[in-house]
Amino acid sequence: RIKQWRDVSQEDALKNLKYKLTRDPSFGQWKAVAIYDGEKEVVEFTVKKYVLPKFVVEVKSLPGMLYTSDEYKVNVCAYYTTGKPMKATLEGSLCMKSKYRSYYRQAKRPCVTIKDINFNGKEKCALLQLSMKELRLRESKYPHYHIRPQLNVTVIEAGTNIKI
C-alpha cells in the first residue's frame with residue numbers, strides 16, 4: 001500500500017485525487033482500488049520504462065495516381081535514428097476510403113495487401129509498386145465519389161520484432 005485517502009468528502013462533483021510517481025518508480029503490475037458507498041472499483045495498470053523509438057519510418061506517395069493507372073507508387077524509408085539503414089520487414093495495406101459516408105449500402109472495396117517486403121540493411125528506402133487492379137477502381141458496384149488512398153504500413157525490426 002503506497003497511498004490511502006480516508007474520509008474524503010464529495011461536495012459538488014467528483015474528487016480528483018492524484019499520486020505522483022517518484023523519479024525511479026517500481027516497475028510492474030499495479031492496481032488502484034476505490035471503495036465508495038460499499039461499491040468497489042479496481043483498475044489494474046502496468047508501470048514500465050518508456051524507451052524512445054530507435055528507428056524512423058517515412059512514407060511518401062508519388063504523384064500520379066489515376067483511375068486508369070496500373071500501379072500506385074509509394075516510397076517507404078526505414079532507418080535508425082543514427083541514420084543507418086536497418087534490417088526489417090514491411091507489411092500493410094492500401095485501401096480506397098470515401099471522404100463521406102454513403103446513405104446507400106454499397107459493397108466494401110477490396111484492399112491491396114502488402115506482405116514480406118524486406119529491408120536488407122543496405123538501403124534506407126524501398127519503392128513499392130502496388131497493383132491498382134486489386135482495388136477495382138473501374139467497377140460500378142463500389143463508391144467512386146470523394147475516395148482517396150489510405151496506406152497503412154508496419155515496419156518490424158529484424159531480431160527484436162519491434163514494430164512501428
Side-chain angles (χ1 to χ4, degrees), residues 16 18-32 41-164:
N16 184 4
K18 297 179 183 179
Y19 176 74
K20 189 171 180 164
L21 293 175
T22 64
R23 285 179 83 57
D24 297 313
S26 297
F27 300 123
Q29 280 292 115
W30 290 84
K31 67 177 157 181
E41 184 71 31
V42 178
V43 176
E44 294 189 16
F45 58 95
T46 303
V47 176
K48 60 185 177 179
K49 185 175 182 179
Y50 177 75
V51 179
L52 291 171
K54 297 187 294 180
F55 59 93
V56 176
V57 176
E58 294 174 352
V59 179
K60 293 180 185 172
S61 64
L62 302 179
M65 181 185 168
L66 302 171
Y67 279 98
T68 56
S69 301
D70 291 329
E71 58 187 29
Y72 181 58
K73 294 181 181 179
V74 180
N75 199 35
V76 180
C77 301
Y79 53 91
Y80 291 105
T81 53
T82 60
K84 294 182 180 180
M86 61 185 293
K87 287 186 178 183
T89 304
L90 179 138
E91 51 190 45
S93 63
L94 170 65
C95 302
M96 297 301 287
K97 297 293 182 180
S98 177
K99 185 176 179 181
Y100 304 104
R101 280 193 159 174
S102 174
Y103 292 105
Y104 306 102
R105 287 193 175 246
Q106 293 178 316
K108 186 177 178 189
R109 186 183 299 278
C111 297
V112 176
T113 301
I114 306 164
K115 283 187 176 182
D116 301 326
I117 306 294
N118 291 308
F119 288 91
N120 60 11
K122 295 178 183 170
E123 301 291 327
K124 285 185 185 181
C125 301
L127 178 64
L128 305 182
Q129 296 176 326
L130 307 171
S131 170
M132 295 290 285
K133 191 178 265 187
E134 291 179 51
L135 294 174
R136 300 181 183 167
L137 292 175
R138 297 182 191 128
E139 292 185 22
S140 61
K141 68 179 180 179
Y142 301 111
H144 285 85
Y145 299 103
H146 302 286
I147 60 171
R148 63 179 185 267
Q150 179 179 350
L151 179 69
N152 297 308
V153 296
T154 301
V155 173
I156 306 157
E157 183 183 31
T160 64
N161 288 330
I162 293 175
K163 297 178 182 183
I164 288 188

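These numbers were taken from a predicted model, which means no experiment stands behind them.
For the atom pair CG (L151) and NZ (K60), the distance works out to 14.0 Å, reported to the nearest 0.5 Å. To the nearest 0.5 Å, the span separating CD1 on I156 from CG on D116 amounts to 8.5 Å. Distance check: K49 NZ to F27 CZ gives 6.5 Å after rounding to the nearest 0.5 Å.
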Check your understanding: Is there a side-chain contact (heavy atoms from CB on, under 4.5 Å) between L127 and K73 once you walk through the steps?
Key -> CA-CA 7 Å; L127 178 64; K73 294 181 181 179; 4.2 Å; yes
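Across V76 and L128, no two heavy atoms sit closer than the pair CG2-CD1, 3.8 Å. The shortest heavy-atom contact between L135 and C111 is CD2-CA, 4.1 Å. Looking at every heavy atom in both residues, T113 comes nearest to E134 through N-OE1, 4.4 Å.
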Could you pull out all donor-acceptor pairs under 3.5 Å where a side-chain atom in residues 119-126 meets a protein atom, sequence neighbours excluded?
| from | atom 1 | to | atom 2 | distance (Å) |
| --- | --- | --- | --- | --- |
| N120 | OD1 | K122 | N | 2.8 |
| N120 | OD1 | E123 | N | 3.4 |
| K124 | NZ | G83 | O | 3.1 |

Quiz: residues 86-95 side-chain donor-acceptor pairs under 3.5 angstrom, not counting sequence neighbours:
| from | atom 1 | to | atom 2 | distance (Å) |
| --- | --- | --- | --- | --- |
| T89 | OG1 | N118 | OD1 | 3.3 |

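Using modelled atom types and a 3.5 Å distance limit, the side chains of Y79 and E58 yield a donor-acceptor pair. In this model, a donor atom of one side chain and an acceptor atom of the other lie less than 3.5 Å apart for T46 and Q29.
Between V59 and N75, every side-chain heavy-atom pair lies at or beyond the 4.5 Å cut-off. With a 4.5 Å cut-off on side-chain heavy atoms, I162 and F55 count as touching.
Applying the side chain to side chain donor-acceptor pair (under 3.5 Å) rule to pairs touching residues 149-161 yields Y80-E157, E157-T160, sequence neighbours excluded.
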